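Below: one structure, written as structure tokens.
Quick note on labels: first sequence line is chain A, next is B, and so on, each numbered from 1. Everything numeric in this text was worked out from a predicted model, so none of it was measured.
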2 protein chains.
Amino acid sequence: MPRHSILDSLNDTLRKEALEKSRVMQFPPGQILFSAGQHCQGLPLVLGGRVKVQMTGVSGHSIVLYRMDADDICTLSIGCLMTGRAYRAEAVVEEAADAVMIPRGVFDRLMDQSAGFRLGIMESYGRRLDDLMLLVEEVAFRRMDKRLEEWLLGRAARGPVVITHQELAVELGTAREVVSRLLKELERRDMVKLSRGRIEVTGLLL
Amino acid sequence: MPRHSILDSLNDTLRKEALEKSRVMQFPPGQILFSAGQHCQGLPLVLGGRVKVQMTGVSGHSIVLYRMDADDICTLSIGCLMTGRAYRAEAVVEEAADAVMIPRGVFDRLMDQSAGFRLGIMESYGRRLDDLMLLVEEVAFRRMDKRLEEWLLGRAARGPVVITHQELAVELGTAREVVSRLLKELERRDMVKLSRGRIEVTGLLL
DNA sequence: GGGTTGAATGTGACTTTATCACTGAAGGTA
DNA sequence: TACCTTCAGTGATAAAGTCACATTCAACCC
């Protein structure tokens with residue numbers, strides 16, 4: 001039985017109908033949920049796992065925009081679903097994920113029938129807008145060394161971080177060389193230990 | 001009689017009710033529609049004029065996120081209205097604007113009763129997300145000289161651009177000195193003529 | 001084991017952008 | 001006219017991005 005808080009906001013009849021017409025799907029790590037240029041088939045409600053959403057610019061550079069995990073809604077899909085536009089970004093599964101895929105008709109019906117569902121959708125939208133606004137500010141004004149340190153701290157909680165410099169560059173929206181150099185500097189200062197595809201955070205405080 | 005396409009999507013009864021309970025407001029240039037930290041009083045439907053939405057980061061720097069003009073909906077307000085969060089950005093009137101302010105209760109009722117209204121709201125949200133995603137890419141990867149030239153071309157259509165270097169820096173999310181130097185270089189190449197608070201685009205092609 | 005290969009990382013040289021600290025210029029007003 | 005405030009110009013330096021190439025590592029195959 002899929003657990004997603006936006007489904008809790010539905011009454012029994014609606015929930016039953018929604019689940020009957022939707023499918024729970026499983027996605028292994030590495031799977032592309034959708035990519036730029038594709039059209040939307042339904043609204044994914046993420047039940048578990050983790051999915052990163054990134055976009056590639058005209059320049060060929062990529063940047064991670066945000067992540068989705070348990071209890072999230074794929075906000076990007078809503079716009080594509082309602083207006084028929086194509087995705088501009090790409091979603092890649094990081095940790096095996098499962099999601100309820102709500103087809104368009106059901107989505108329309110839920111929006112029509114349930115105030116709670118509408119609230120959930122709007123909340124999700126609002127949060128996403130906020131995230132992106134913060135990202136704009138971060139990219140435009142914050143220093144790369146601080147952003148890198150912060151990113152590492154956010155991941156260092158449980159053991160070493162498994163990631164390449166190139167992937168880390170996409171996380172931060174910068175170049176691989178910049179990441180390499182900043183990491184080397186941190187290593188010189190004994191704040192991290194580097195090995196191939198792996199960063200161990202040893203003494204890093206914000 | 002306010003003209004806004006999202007009102008056209010309502011049936012006569014709903015439109016009449018909505019307009020009775022809403023107020024058309026006028027805003028002179030320079031007026032702050034809302035600022036960061038404030039709470040939302042209602043959803044503005046922009047009828048005419050122009051409003052820029054910008055945010056100021058922790059660093060104290062500002063950047064323009066997007067603009068609203070005739071027939072736009074203040075997407076940011078929706079999230080704040082529905083979830084009770086405070087605004088994170090600031091909206092400043094550039095050209096005298098008028099807007100219908102829809103109070104929360106009416107908004108809820110329209111979302112409940114009108115599929116067309118819902119579609120309009122969702123479309124607006126989708127467009128805004130897209131805009132912000134493009135802005136992230138632009139800020140992260142594109143060169144400042146190209147962005148500046150593009151911005152100037154977007155404004156040069158009717159006569160000289162009246163703006164200070166500082167304001168232009170906020171448009172692009174960079175520092176005033178950077179704008180000054182890039183403009184000087186364009187002037188050396190006879191692509192613009194500079195005077196105090198004014199930029200005349202003479203020979204600039206993309 | 002030794003050799004080959006491709007991905008990942010290191011680094012120098014150089015350009016672009018950001019920051020800091022000023023100086024000078026324009027335009028309004030007492 | 002003298003003063004004052006805002007706007008613009010600029011040198012010095014640091015941070016970040018770009019390009020080109022060298023090196024290192026791990027996996028895989030004989």
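Going from atom CD of A:E177 over to atom P of D:dG17 covers 10 Å, rounded to whole Å. Taking atom CD of residue A:E138 and atom P of nucleotide D:dA16, one finds them 12 Å apart after rounding to whole Å. The distance between atom NZ of A:K146 and atom C1' of D:dA14, rounded to the nearest whole Å, is 14 Å. For the pair B:H61 NE2 and C:dA18 P, the computed distance is 9 Å after rounding to whole Å. Rounded to whole angstrom, the span from the CZ atom of B:R142 across to the C1' atom of C:dT15 amounts to 18 Å. The distance between atom CZ of B:F141 and atom P of D:dA16, rounded to the nearest whole Å, is 15 Å. In this entry the distance linking CG of A:L172 with C1' of D:dA16 reads 13 Å, nearest Å. For the pair B:M144 CE and D:dA15 P, the computed distance is 19 Å after rounding to whole Å.
Looking at A:S22, its side chain does come within 3.5 Å of a backbone N or O of A:A18 through a donor-acceptor pair. Looking only at distances, no side-chain donor or acceptor of A:S35 sits under 3.5 Å from a matching main-chain atom of A:A89. Checked by atom type and distance alone, the side chain of A:S114 never pairs as donor or acceptor with a backbone atom of A:L110 at under 3.5 Å.
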Practice task
Assess whether salt bridge (charged side-chain N to carboxylate O under 4.0 Å, His left out) is satisfied between B:R127 and B:D131, documenting all intermediate values.
Solution key: CA-CA 6 Å; B:R127 230 183 356 250; B:D131 286 354; 6.0 Å; no
Handout entry: side chain to side chain donor-acceptor pair (under 3.5 Å) evaluation trace for A:Y125 with B:T75
Key = CA-CA 10 Å; A:Y125 248 130; B:T75 322; over 6 Å; no
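When B:V100, B:L45, B:D72 are each tested for a side-chain contact (heavy atoms from CB on, under 4.5 Å) with B:H4, only one passes: B:L45.
An angle of 10°, rounded to 10°, separates the two end axes of the helix from C:dG1-D:dC30 to C:dA30-D:dT1, each defined over five pairs.
DNA chain C is contacted by both A:E167 and B:V178; A:E167 maps to the nucleotide lying nearer its 5′ end (nearest heavy atom per residue).
Among C:dT17, D:dA16, C:dA18, the nucleotide with an atom closest to any side-chain atom of B:D145 is C:dT17. Relative to the side chain of B:R176, the nucleotides C:dT9, C:dT16, D:dG9 differ in distance, and D:dG9 lies closest.
Considering only side-chain N and O atoms, A:H165 lies under 4.0 angstrom from the phosphate OP1 or OP2 of C:dG10. Put simply, A:T164 has no side-chain N or O that comes within less than 4.0 Å of OP1 or OP2 on C:dA8.
Between A:F141 and B:H61, the ring-plane angle classifies as parallel under the 30° and 60° cut-offs.
Here the CZ-CD distance, from A:F34 to A:E90, works out to 9.0 Å after rounding to the nearest 0.5 Å.
When side chains are defined from C-beta on, A:W151 counts as touching A:V161, because their heavy atoms get closer than 4.5 Å.
Contacts of residues 179-201 of chain B with DNA chain C (heavy atom under 4.0 Å): B:R181, B:R196.
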